[in-house]
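Chain naming here is simple, since letters A, B, ... match the order of the sequence lines and numbering starts at 1 in each. This is a predicted model, so every value here is computed, not measured.
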There are 2 protein chains.
Amino acid sequence: MICSHPTALERFETKLQDYLDNKGLKQSSQRSRIMRFLLLLPGHFTVQDIARDIQEDSPGIGAATIYRNIKTLVEAGIVRETLVDQDGQMVYEVLDDDHHDHIVCLDCHQIFEFHEEGIEHTQRKMAAKMNFTEASHRHVVYAHCDYKKGV
Amino acid sequence: MICSHPTALERFETKLQDYLDNKGLKQSSQRSRIMRFLLLLPGHFTVQDIARDIQEDSPGIGAATIYRNIKTLVEAGIVRETLVDQDGQMVYEVLDDDHHDHIVCLDCHQIFEFHEEGIEHTQRKMAAKMNFTEASHRHVVYAHCDYKKGV
DNA sequence: ATTCCTGCAAACCTTTTGCAGAGGT
DNA sequence: ACCTCTGCAAAAGGTTTGCAGGAAT
C-alpha cells in the first residue's frame, strides 16, 4: 500500500453505495467526484470551497448539484454540519469515528477541534435528567489566541 | 412595588443608554420600543417575532430597523445570538446574569435551557490548555423527548 | 448644524426549486 | 421504460444597504 487515502475513500464509497442502494437512489459521476474532492479538503469546508476546487479542475459542476449532494452525504452519515461561519455559510466536515467539537479563534478565524469525554458524558447525563435522549450536539467555543496577548 | 418588570426594564435602559453615550449614538423611540417588546417575549425570539408583535401593536416599525437595532443591543450586551433555527433565522435571547445553554427538542422543536457548571469549567480549562482564552460559546444539544417513546 | 436614525425598496447571499434533458439500472 | 440526476436560471428567504427625509443632541 502506497498511500493511506484510497482505503478511506473506498470505505466512504461503500458507505455511500449502501445508502443509495437502500434508498433506491442512483450513483452519478458528479456525486463521487464531489466526495473525492471533499475528502481532499482540510477538515472544515463549505459548499463554496468544494465548488471552487471542482471548477478549477475540469468541466465543473453546478452549485445546485453540490448543495443537493452534500445533503445526500449528510443523510448517508458521511458528512455532518458543524457550524455557520461568519459569512453565514454552513461549514461541513467528514464524519470520521472520532467525534469532536470546535474552537473558533476570534483572531485568525481558524477552526480547531477538541474532545472532552467529561463534557460529552455530562451533557448526556444532563439530557437524561431532563427526560431527553441526546441525539447530537453542536458545541462551539469562541476564544482569543493567547499568543496575540504578547504582541 | 406592584410588578417586577419595571426594574428589569430600567436596568436594561440604563445599560443601553450607557452604551449609546459611550459610542456617541442617539436614542430613538423605535429603539426603546423594540427593547420593551423583546423583554416581554418568552426567552427565545427571532427578529420576525419582534416584528410580528410590534406590527399588531400600533404604527409598526420597519424590519430593517429591527435588524439594525438588535445588532446594537447585541453590541450593548443586552441580547445575545444563541442559535439558528430550522428556518435559518437567528434566535436571540436577553442576556441576563444566569448563563445557560440550550436543548432543542427534535420532536416539538421547543427550546429548553440547561446549565452545567462542570461543563463550563471544563471547557474553560480545555481552551486554556490549548492556549486560548474562552470568550463565549454556543452549546446546543439536540435531543428526543422521552415521553414520545411511550406513545 | 451636525450626525444619527428610520422607512422603504432594492440589493445581497446562501440555499432551494422547477424544468427539460441526460444518465443510471 | 422508469425514475433519478444534472445544469441552468429563477425563486425563496433572511439579512443588509442606499438613499432621502426626520429626529436627537
The side-chain contact (heavy atoms from CB on, under 4.5 Å) partner of A/D18 among A/T14, A/L20, A/N22 is A/T14

Using only side-chain N and O atoms of A/K26, determine if any of them is under 4.0 Å from OP1 or OP2 of D/dC2. no

Report which part of the nucleic acid B/K23 touches: base, sugar-phosphate, or nothing (heavy-atom distance under 4.0 Å, all strands). nothing

Any side-chain N or O of B/Y67 less than 4.0 Å from the OP1 or OP2 oxygen of D/dT16? no

Assign each of A/Y92 and B/Q27 the nucleotide of DNA chain C bearing its closest heavy atom; nearer the 5' end lies the nucleotide of B/Q27

For B/H121, does the NE2 atom sit with more than 12 other heavy atoms under 6.0 Å from it, leaving out its own atoms? no

For A/H139 and A/D101, work out which heavy atoms get closest and say how close. O-CB, 3.3 Å

Would the number of heavy atoms belonging to other residues, nucleotides or ligands and lying under 6.0 Å from NE2 of B/H115 be above 12? yes

Phosphate-side-chain proximity, B/R68 and D/dT16, N/O vs OP1/OP2 below 4.0 Å: no

On DNA chain D, check which nucleotide each of A/S29 and B/M90 is closest to and give me the residue with the more 5' one. A/S29

Compare side-chain N and O positions of B/Q48 against OP1 and OP2 of D/dG13 and report whether any pair is under 4.0 Å apart. no

With nearest nucleotides of DNA chain D determined for B/A63 and A/L25 from heavy-atom distances, which residue corresponds to the more 5′ nucleotide? A/L25

Between B/S28 and D/dA23, is there a contact of a side-chain N or O with OP1 or OP2 at under 4.0 Å? no

Return the nearest nucleotide to the side chain of A/K71; candidates are C/dT16, D/dG7, D/dT15. C/dT16

